[in-house]
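Here is the structure we will look at, set down as structure tokens.
Fair warning: this is a prediction, and the values are worked out from it, not measured in the lab. Residue numbering restarts at 1 for every chain, and letters A, B, ... go by the order of the sequence lines.
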Amino acid sequence: MVQAAVKPASSVDQSGDRPWVGRSIERVEDAALLSGRGRFIDDLGVQPGTLHATILRSPHAHADVLSIDTEAARRLPGVAAVLTGRDVKAVTTSLVVGVKAPVECWPIAMDRVRYVGEPVAVIVATDRARAEDAAELINVEYRPRGAVVDPLGALASGAPVLHDGFPGNLASDRAFRYGDPEKAFAEAPHRFSIDIKYPRNSCTPIETYGVIASHDAGEDAFEVLANFQGPFSIHTVIARALKVPGNRLRLRTPPDSGGSFGVKQGVFPYIVLIAAAARVAGKPVKWIEDRLEHLTASVSATNRATTLSAAVAADGKILAFDWDQVEDCGAHLRAPEPATLYRMHGNLTGAYDIRHVKIRNRVVVTNKTPTGLNRGFGGPQVYFALERLVQRIAIGLGLDPLVVIKRNLIDAGAFPYRTATGALLDSGNYQEAIVRAVEQGRLAELKSRRDAARAEGRLYGIGFTAVVEPSVSNMGYITTVLTAAERRKAGPKNGAQATATVGLDPVGSVTVHVASVPQGQGHRTVLSQVVADVFGLQPGDIRVNTEIDTAKDAWSIASGNYASRFAAAVAGTAKLAAERVAGRLARIAAGQLNVEAGDIVFAKGFVASKHNPENRIAFSRVAALSHWSPGSLPDDAGQTIRETVFWTPPELTPPDEDDRINSSLCHGFIFDFCGVEIDRVTLETRIDRYVTMHDCGTILHPGMVNGQIRGGFAQALGAALYEEYAYADDGSFLTGTLADYLLPTTTEVPEPEIFHMETPSPFTPLGAKGVGEGNCMSTPVCLANAVADALGVADITLPLVPARLAEFVRGAEPPPPAGGVTAAPMREGDRRLRGEGQAAVKGVPEQVWAMLLDPATLQSVIPGCQRVDKVTDTHFRADVTLGIGPVTGRYRADVELFDLDPPHAVTLRGGATGALGFGSAEGRITLAPDGQGGTTLTYSYDAAIGGKVASIGGRLLDGATRVIIGQFFTALARKAGGGGTTGSGFSLFAVLAKLSSLFGGRR
Amino acid sequence: MTRLNSNARHAVRFTLNGKPVEAEAEPRMLLSDFLRHQLGATGTHVGCEHGVCGACTVIVDGMLTRSCLTLAAQVDGCEIRTVEGLAPSADRLGVLQQAFRRNHALQCGFCTAGILMSLDHYLGENPAPTEAGIRDLLSGHLCRCTGYTPIIQAALEAAAQLASPTKETSDA
Ligand code: FES
Ligand code: FES
């Protein structure tokens, strides 16, 4: 699927003396990153003697922890400490929970595990491999409980309950009403409704989490280096959990971070865990997450079940919305959740002028990984429902979807516009943006392409989306989850303090520091442009530091890299700080040049008189004066050595008495349309053209803005077409490798056609708005609308994998023909394995029967069996080492025999557990004389497998099971003196082929 | 074939970017970990350790290799090239690296080393590549930041520049 030939580059714009802001200059970050000199967390040295941690995790989605035996692990040479829940509890307190409920939230399981991958023990040793060896020796005894993975299922009566403090698994239930929605619905001629299940996915940065922590017992103070991304409100959560005041938790970030997209906010429970381990071990401890851990148990976006209804006039004008959202936050409500649900609260009417809105928001817990920040943060979930509904309305009324979009847009003259739910939309001209996109993106021609394709019988569709992209979060929006009375009690929360420091050194060179913690967005480059413009210098003259050290730097709870706040808030604050210094420098220079301060300009490295440019003084001379000769400065000029500015926009007020909340400061606009074709045979969705029009206010660096758009688009395309954190019904996690959780590659991602319009924000110093998250909100639903148009179907669920489209196009798959000898999962996502077969064994049934019940024989014929103990005549225990796919591990098996009919038949029932997972199975074996002195064994089995093997070996399980059972009967036959297996017979070649598909790239 | 004792460390020697290197490794140590933690060559990154993301790609005896699927002991005596060897000098970038910078073909830079190694190898063998060929080659690499197109563009530009008779620097 190669398309959209790449255009020649005009990507760098470095010469001429126009202002630097607004130009694509080369990034100052790149030289180091391109030559292997990046400084990511795992590249930095550690203090000698630093220990390394590994984490033992739950294979069960929901189980009581009956006992943890760590003896053998502790005895292993090189192991310094093993921490279980009890040890962590001794030195920490529970993480705060974002709603008022008697519920605790620990970074490690206490007496119960509630999701696959939940930490159960932390093992600290001299190196990572030793720690992993020790983890294998830990014996955990679990008693499984029923698990629930579906948010609506969690609310059903009789569903397993995760936390007693959340009765019925309901963590929060709030209703809101704006305007008069009941009246609007009663009077409207039409009502349209849509039910949505938005799946779980994650932007999965290529660098995983990393934490290095140490504890100073003398001062009871922690020092932590972590690739955390903010928000630094979480610093208070960590300090509180570690039972120290904030000034005893020094949290630093490394110079480089390998992507985050919100996800690295979720490292914070591990900061607590590793800091606790450092305290217990008395030495610095380092932990780098591996990919299985990351996919299984780092953090995820929320999945959500939404019912959205609209009251609609005959011409397509939407009069009211009725939202019913059920948000699935996973097993624990971790800070800042349930923020994903409330981030969009002010924007629940999208780009439309709708005055009457009713909302019910419920937050539920399920046996899945806890959720957190993820690019788009609440936007994809909301816009999927909203923009799918707009398409349904158009179809229902026989209108063009674009007509319905246009009929409802907020008027261009209405800005700043207060939405029904409280957002203050700063600026925009949505109509104009659409006109330009339709023309520049050649919609008319795209429609003829659709017509032509359809005339040939091809499946071709066009989708549209209009989206308002919020940026710079109000730190108070999350308190909308509380009632007005609860908020009054808790005190007001609002604002978004951004900070920037500009410093001048004794030779007059300029340093900038911000607490923005970039993960690849090029903040250092943009800030050098912004500050260079203020001082009349070159970007190369400005040195920018974006690392954060909470012990020394200016920061606030709003610091960090999230909610697309950099361009709008942080870069603007740097401008304000530089201007404050420049104002003082102008006063100093004015005295020296004998002119008014108002006559001073900064240009080309000089401070000069506007009227007489020859009357000038070198910037560095004026800049250094505060160091060398403070006495010669004008009395009221103050120092010019260092200036820190905090900036918070006054528009970000707390929720009002009627629950109206201006959840974000800036609101960009996106209008997307696309043409897709679905292959009739493979049902692969191919993007023919994707047009995305953005108005993100003033553009600071066009190359980076387009980079954000492309990157967000590629991730959104993954979410739409491939990616899902999949769980089996029992809560087993099924997508633990990047061969199971499929990310788009070069062959799947086309180049979007990007267009811009600039309506500056009146609320930000530079006029800029955020741009990084928009396509994660607009693209999934735009593609879904196009696919719905192509297939003519009403209900679309992501991701649009061919197997799912097959159901839309061809109906449900018929059951396989009966009587076949197969061992295949019953359906996708279900890890039950069934199979049957036959084996021929020498010796009469009585002999074979005796062998089957003899521990010594069993030990020698069970593949990988170390020992078999006979507990009673019908109860055996075995230690087995099994390899399934890429994972080999020890399992303890417990097997009981039932329905004995010697020597004809027996039923076996049992289970196995090990560090790599668990399984339970039932089988029936019948023995019949084959007429030649031998025995024909017929067997059937039904097994369920969960835990790590299900996460990473899921696709290999049926093949591997057949191999193992085949090996068993081959060995039994050999032991009995000949024979062999027939029937299910296995193919080693097939298994090898599967293995190589796991490791051999992606084609 | 030598048998290595699984509990002992063994000397591993090879040539890294033209210079002889030596350090000790347990038999189970991966080449990626050996490069990064024993030799301090941290430019090669690890993103998945199961062979899918491509971040750890290096060149072993002229062959593109996932260093996360290779044991350190396996490359004893080999010639290895990594991202640290791409630039002509510490303060200058090679043609391909420059093209990446011009085209904003990286953001966080975590995937970049592996992609550069694959491209460096490919452009050496295919001086006139097509976009389709490069997309196909790079389908073995995951990048979460860029959306890939700038990378393709950088590769095509670098290829054109390397092929043009007026090129002034060589890409190591
Ligand atoms: S780390 Fe080697 S391919 Fe991902
Ligand atoms: S640049 Fe970040 S993963 Fe490629």
Basic-acidic side-chain contact under 4.0 Å: B/E26, A/R130:
yes
Checking heavy atoms, do the side chain of A/A129, its backbone, both or neither come under 4.5 Å from chain B?
both
Mind checking what makes side chain to side chain contact (heavy atoms under 4.5 Å, CB included) contact with A/T779, not counting sequence neighbours?
A/D672, A/Y690, A/F713, A/A716, A/N775, A/L783
For the residue pair B/G147 and A/A714, what are the closest heavy atoms and their distance?
CA-CB, 3.7 Å
Closest non-hydrogen atom pair, A/A739 against B/V52:
N-CG2, 4.1 Å
Examine whether an atom of B/L106 lies under 4.5 Å from a heavy atom of chain A, and if so say whether it belongs to the side chain, the backbone or both; otherwise answer neither.
both
Is there a donor-acceptor pair closer than 3.5 Å between any side-chain N or O of B/Q107 and the backbone N or O of A/G707?
yes
Chain B contact via A/R27 - side chain, backbone, both or neither, heavy atoms under 4.5 Å:
both
Under 4.5 Å from any heavy atom of chain B - which part of A/T204
both
For B/T146, check side-chain hydrogen bond (donor to acceptor under 3.5 Å, both in side chains) against everything at least two apart and list the hits.
none
Might you work through the side-chain contact (heavy atoms from CB on, under 4.5 Å) test for A/H701 and B/H104, ending with a clear yes or no?
CA-CA 11 Å; A/H701 186 299; B/H104 309 295; 3.5 Å; yes
Provide the closest heavy-atom pair for A/R37 versus B/A90 in the form atom of the first, atom of the second, distance.
NH1-O, 3.5 Å
Does the salt bridge (Lys or Arg N to Asp or Glu O under 4.0 Å) test come out yes or no for B/R28 and A/D133, once each step is laid out?
CA-CA 12 Å; B/R28 64 177 169 179; A/D133 290 345; 2.9 Å; yes
Side-chain (A/E751) to main-chain (B/T149) donor-acceptor, under 3.5 angstrom
no
When you measure from the side chain of A/T746 to the backbone N and O of B/S139, does any donor-acceptor pair fall under 3.5 Å?
yes
May I ask you to list the residues in residues 33-48 of chain B that approach chain A closer than 4.5 angstrom, counting heavy atoms only, ordered by number?
B/R36, B/H37, B/T42, B/G43, B/H45, B/V46, B/G47, B/C48
Donor-acceptor contact below 3.5 Å, side chain B/H50 vs main chain A/L738
yes
Using the side-chain hydrogen bond (donor to acceptor under 3.5 Å, both in side chains) criterion, which residues pair with A/E723? Sequence neighbours excluded.
A/Y741, B/R144
